[in-house]
Engineer: 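Starting off with a structure, shown below.
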Number of protein chains: 2
Amino acid sequence: MGRDICFTTEQFYGCACGNLRAATRVVTRQYDEALRPTGLRISQLGPLVAISLFGPISITELAEKMFIDRTTLSRDLRLLQRRGYVRTRAGNDRRFREFSVTPKGQDSMAQALPLWQQAQARMRALLGNDNLKALLAQLSQVIVAASDKS
Amino acid sequence: MGRDICFTTEQFYGCACGNLRAATRVVTRQYDEALRPTGLRISQLGPLVAISLFGPISITELAEKMFIDRTTLSRDLRLLQRRGYVRTRAGNDRRFREFSVTPKGQDSMAQALPLWQQAQARMRALLGNDNLKALLAQLSQVIVAASDKS
DNA sequence: AGACATTAGGTGTATATACATATACATGGG
DNA sequence: CCCATGTATATGTATATACACCTAATGTCT
């Protein structure tokens, strides 16, 4: 195989991972900009909401629900804890740390909700409601398929 | 609005950004695992291929093509340069640094190509060819729409 | 030519991500 | 009871990401 045809432009533009990463970058910038007044990023609001919905919950359980590496989530939650948005409670099994959202964290979430909705509405307007639905369906399928241990 | 209904599960699962980020995490892990023998991550192979296809090219131009922040790409390319995969050439305008791929970088790309193809084929098998096509089309639309300055 | 704006790029700082590995605790078999 | 195994979490290290700000080079207007 010749060096100069190692990759073609068609292949490059067809990389599922590269396109996912690029889309994540541009969309994350949009959501983060919308959330700027709250001091929360979308990457922080996600775990906060998940803990609020499913907590008290351990790091490992939350990591599985969110498809985040345990060790990554451990450090993410440490930041949220330092800022007073979440707290931990030790269970009977002293290996566990169960996270829940503090009142301060609830306040930040309540403040973030309308801004998140604006960002989501903007995406809906940009893509169209049907396309957004289709995208979410595709992404769910990707997440389930690619995270399946096999 | 009551605190305990600040976000609902339906809203949470419908966040375009959160789902994109989760999909990117699981898919990146798949591609990175496939590429492990080459010592390249998919996040490094992308810029390398882009420079190979479009170079010599400046950081700012490449950043626009890949929808990456300039300063992020600057640091990413520094790592590729240290490892000898890319080199820079100063232009007449001494502000510019034009990047191109070295022979060593071409070798790594040639080694990575079949492994990348395996990962891509696995995604195609997991989703089905039509779904993968549809996903890529959706992502292109997202990237264009969300990165439009307006 | 000199003042100012524009442009290309880098730095400081903070966060997100994950693999390899270590630690602390729990549990079950001899 | 002790040791091996398993489980929950943290740490070490490296990279990816981007905003705010800074520097250097260039262009432009008078």
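First the proteins, then the strands, lettered A, B, ... as listed; each starts at 1.
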Engineer: If you pin Arg21(A) and Arg94(B) to their nearest nucleotides in DNA chain D, which one's is more 5'?
Structural biologist: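 Going by which nucleotide is closer to the 5' end, it is Arg21(A).
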Engineer: Let me confirm one number: the CZ-CD1 distance from Phe96(B) to Ile57(B), rounded to the nearest 0.5 Å.
Structural biologist: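 One gets 11.0 Å once the value is rounded to the nearest 0.5 Å.
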Engineer: In residues 66-85 of chain B, which residues come under 4.0 Å of DNA chain C by heavy atom?
Structural biologist: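 Those residues whose heavy atoms fall under 4.0 Å from DNA chain C, taken from residues 66-85 of chain B in numerical order, are Arg70(B), Thr71(B), Ser74(B), Arg75(B), Arg78(B).
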Engineer: Can you check the Asp32(A) CG to dA14(C) P distance for me, whole Å?
Structural biologist: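 Interatomic distance, CG of Asp32(A) to P of dA14(C): 17 Å.
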Engineer: Quick one: on DNA chain D, does Arg95(B) or Gln44(B) contact a more 5' nucleotide (nearest heavy atom)?
Structural biologist: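 Looking at DNA chain D, the more 5' nearest nucleotide goes with Gln44(B).
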Engineer: Under the side-chain hydrogen bond (donor to acceptor under 3.5 Å, both in side chains) criterion, do Ser100(B) and Arg89(B) qualify, and how do the steps go?
Structural biologist: CA-CA 8 Å; Ser100(B) 52; Arg89(B) 164 187 85 180; over 6 Å; no
Engineer: Hey, does Thr28(A) reach any base, or is it just sugar-phosphate, or nothing, if we go heavy atoms under 4.0 Å?
Structural biologist: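 The residue Thr28(A) makes no contact with any strand.
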Engineer: Find out whether Arg70(B) and Glu64(B) are in side-chain contact, i.e. whether some heavy atom of one side chain is under 4.5 Å from a heavy atom of the other.
Structural biologist: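 Side chain of Arg70(B) against side chain of Glu64(B), heavy atoms only: no contact under 4.5 Å found.
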Engineer: Side-chain contact test, heavy atoms from C-beta onward, threshold under 4.5 Å: evaluate it for Phe67(B) versus Ile143(B) and give yes or no.
Structural biologist: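 Side-chain contact under 4.5 Å: yes.
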Engineer: dT17(C) phosphate, OP1 or OP2: any side-chain N/O from Arg25(B) under 4.0 angstrom?
Structural biologist: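 Indeed, a polar side-chain atom of Arg25(B) lies that close.
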Engineer: Between Arg41(B) and dC19(C), is there a side-chain N or O to OP1/OP2 distance below 4.0 Å?
Structural biologist: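 Indeed not, no polar side-chain atom of Arg41(B) lies that close.
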Engineer: At their closest point, which heavy atom of Gln111(A) faces which heavy atom of Pro37(A), and how far apart are they?
Structural biologist: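 Result for this residue pair: NE2-O, 3.9 Å.
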Engineer: In whole angstroms, how far is the P atom of dA16(D) from the CG atom of Leu20(B)?
Structural biologist: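 That distance rounds to 20 Å.
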Engineer: Would you please confirm or rule out a distance under 4.0 Å between OP1 or OP2 of dA16(C) and any side-chain N or O of Ser43(A)?
Structural biologist: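 So the side chain of Ser43(A) is within the cut-off, an N or O lying under 4.0 Å from OP1 or OP2 of dA16(C).
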Engineer: Roughly how many Å is it from CD in Glu98(A) to P in dC25(C), rounded to a whole number?
Structural biologist: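 Between P of dC25(C) and CD of Glu98(A): 17 Å.
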Engineer: What is the distance, rounded to the nearest whole Å, between atom CZ of Arg29(B) and atom C1' of dC19(C)?
Structural biologist: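 Nearest whole value for this atom pair: 11 Å.
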Engineer: Would you mind reading off the distance between Leu45(B) atom CG and dA16(D) atom P, rounded to a whole angstrom?
Structural biologist: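 So the two atoms are 12 Å apart, to the nearest Å.
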Engineer: Which whole-number value in Å describes the distance from Asn92(B) CG to dT26(D) P?
Structural biologist: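 Whole-Å distance recorded here is 9 Å.
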Engineer: Go through dG9(C), dC19(D), dT15(C) for me and flag the one nearest to the Arg36(A) side chain.
Structural biologist: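 Within the option list, the nearest is dC19(D).
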Engineer: For Asn19(A) and Tyr13(A), indicate whether the former's side chain and the latter's backbone hold a donor-acceptor pair under 3.5 Å.
Structural biologist: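 Checked: pair present.
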Engineer: Rounded to whole angstrom units, what separation is found between the CD atom of Glu61(A) and the P atom of dT7(D)?
Structural biologist: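 In whole Å, dT7(D) P lies 14 Å from Glu61(A) CD.
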Engineer: Determine whether Gln106(B) and Tyr85(B) satisfy the following criterion, side-chain hydrogen bond (donor to acceptor under 3.5 Å, both in side chains), listing intermediate values before the conclusion.
Structural biologist: CA-CA 8 Å; Gln106(B) 297 284 355; Tyr85(B) 295 152; over 6 Å; no
Engineer: Provide, to the nearest angstrom, the distance between the CG atom belonging to Asp93(A) and the C1' atom belonging to dT7(D).
Structural biologist: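 For the pair Asp93(A) CG and dT7(D) C1', the rounded distance is 8 Å.
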